[in-house]
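For reference, the structure is listed below as structure tokens.
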Amino acid sequence: MCSSDLRTVRLWSLRNSGEEEFLGTAQWVYNGHRKPVFSVGYLAQKGIAVSCDGTIHVWDPFVGGLLAEYEGLRGSPFCVMTPQSFGQSIVSATSEGNLALIDTRMKGLVDLKVSFGMVGLIRSICASEDGSYAAVGHSSGYISILDLRAGRIKSGMKGHDGEVLTLTTGNNYFVSTSLDQTACVYQWEDGKLWTQLRTPAEPLHCVVTNQDQIITGSTNHKVSVHSISPQRESH
């Protein structure tokens, strides 16, 4: 899926088209948004798509049609959101710093406390693959970890000296990047720092994980591949 500033979300097929150059059209276009779309995702367990323009839309990518729509909390629009990888919920936050856990089975919304004290605006979110935890990155560089099963704060730490740019979940870890040009790997279980990645001296705005490998992309178009196994880290 991809979003555009035309308030639409386009669904593309990833089927094998051979080794030649392939030009095709989107299989389906969702045009239910009223503002530019800035985030898209997929709830694999339910086979439904999720997209956000300040309001979260849950829709069927196979037969089309809006299934549910969620407004922001207390009059504030959602600014970030992430679907659980193997769950049926969406973790989202507003520009005023309120966190919401949306259960798509019940179409309900739970308002969660993010942190103790002033830690700045929420800039990014990721959820663990088993749906147990969520990490929240703030403009101050602070990272909050929430236990989604209990609905409470699990831990928190000053992860960076600058604003948290991205949070990306992995197998049993998550990766945070910041405007201070650093990238750190934390363990979900205890929130402790696992390792700090050796990256180019520039902000990393794109991160993808694959088991124990992390692929990063910088603002200067540099791509790095890291191994976080205990034996080595390479790039």
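Heavy atoms only: backbone and side chains are in, while hydrogens, waters and symmetry mates are out. What you see is a predicted model, and the numbers here were worked out from it, not measured in a lab. Count residues from 1 along the sequence.
- With sequence neighbours left out, the side-chain hydrogen bond (donor to acceptor under 3.5 Å, both in side chains) criterion links H138 to S144.
- Of all heavy-atom pairs between C184 and G159, the closest is SG-O, 4.3 Å.
- No donor-acceptor pair closer than 3.5 Å links the side chain of D161 to the backbone N or O of D180.
- The side-chain heavy atoms of T199 and H226, taken from C-beta on, include a pair separated by under 4.5 Å.
- Dense packing is recorded around CZ of R149, with more than 12 heavy atoms of other residues, nucleotides or ligands lying under 6.0 Å away.
- When all heavy atoms of A100 and F78 are compared, the closest pair comes out as CB-CE2, 4.0 Å.
- Within the 3.5 Å criterion, the main-chain N or O of I125 finds no donor-acceptor partner in the side chain of T82.
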Can you give each donor-acceptor pair under 3.5 Å made by side-chain atoms of residues 47-55, sequence neighbours left out, with the distance rounded to 0.1 Å?
| residue | atom | partner | partner atom | Å |
| --- | --- | --- | --- | --- |
| S51 | OG | H33 | NE2 | 2.7 |
| S51 | OG | W59 | NE1 | 2.9 |
| D53 | OD1 | T55 | N | 3.0 |
| D53 | OD2 | H33 | ND1 | 3.3 |
| D53 | OD2 | R34 | N | 3.3 |
| D53 | OD2 | K35 | N | 3.1 |
| T55 | OG1 | E71 | OE1 | 3.2 |

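- Closest of all the heavy-atom pairs between M81 and G41 is CE-N, 4.1 Å.
- Taking a 4.5 Å side-chain heavy-atom cut-off between Ile, Leu, Val, Met, Phe, Trp and Tyr, the cluster of L204 contains only that residue.
- Considering L66, I90, I102 as possible partners of V58, the one that fulfils the side-chain contact (heavy atoms from CB on, under 4.5 Å) test is I90.
- Atom CD1 of residue I228 and atom CG of residue N171 lie 8.5 Å apart, to the nearest 0.5 angstrom.
- The CG atom of N98 sits 10.0 Å away from atom SG of C79, with the distance rounded to the nearest 0.5 Å.
- The shortest heavy-atom contact between I122 and A93 is CD1-CB, 3.6 Å.
- Taking S218 as the reference, E202 meet the side-chain hydrogen bond (donor to acceptor under 3.5 Å, both in side chains) condition, with sequence neighbours excluded.
- In this structure the side chain of T177 never reaches within 4.5 angstrom of the side chain of T216, judged on heavy atoms.
- Heavy-atom contacts from other residues, nucleotides or ligands closer than 6.0 Å to CD of E189 number 12 or fewer.
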Show your working on side-chain contact (heavy atoms from CB on, under 4.5 Å) between Y30 and V40 and close with a plain yes or no. CA-CA 11 Å; Y30 176 72; V40 297; over 6 Å; no
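- Between the side chain of N220 and the backbone N or O of K222 there is no donor-acceptor pair closer than 3.5 Å.
- Remark: the T166 side chain and the H205 side chain contain no N/O donor-acceptor pair separated by less than 3.5 Å.
- Closest approach of V91 to A134, counting heavy atoms only: CG1-CB, 4.3 Å.
- Residue D111 holds its CG atom at 5.0 Å from CG of L73, rounded to the nearest 0.5 Å.
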Evaluation steps, side-chain contact (heavy atoms from CB on, under 4.5 Å), between K154 and L146: CA-CA 5 Å; K154 183 175 184 290; L146 283 77; 6.0 Å; no
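- No side-chain heavy atom of N210 sits less than 4.5 Å from a side-chain heavy atom of I215.
- Within the hydrophobic cluster formed by Ile, Leu, Val, Met, Phe, Trp and Tyr side chains joined at under 4.5 Å, directly or through other members, L121 stands alone, with no partner residue.
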Check the pair L179 / L165 against side-chain contact (heavy atoms from CB on, under 4.5 Å), numbers first and verdict last. CA-CA 6 Å; L179 277 178; L165 283 178; 3.9 Å; yes
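- Closest approach of G131 and Q84 over heavy atoms only: O-NE2, 3.5 Å.
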Verify side-chain contact (heavy atoms from CB on, under 4.5 Å) between V136 and L99, making sure each step is shown before the conclusion. CA-CA 9 Å; V136 182; L99 191 75; 4.2 Å; yes
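- Rounding to the nearest 0.5 angstrom, the gap separating the CD1 atom in I153 from the CG atom in L112 is 9.5 Å.
- Using a 4.5 Å cut-off between side-chain heavy atoms of Ile, Leu, Val, Met, Phe, Trp and Tyr, Y133 falls into a hydrophobic cluster with I143, I145, M157, V164, L167, F174, Y186, W188, L193.
- The distance from atom CD of Q45 to atom OG of S89, rounded to the nearest 0.5 Å, is 9.5 Å.
- The distance from atom OG of S92 to atom CG of L101, rounded to the nearest 0.5 Å, is 8.0 Å.
- By the 4.5 Å heavy-atom criterion applied to side chains, I214 and Y173 are counted as neighbours.
- For the residue pair H160 / Y142, no side-chain donor-acceptor distance below 3.5 Å is found, with atom types taken as modelled.
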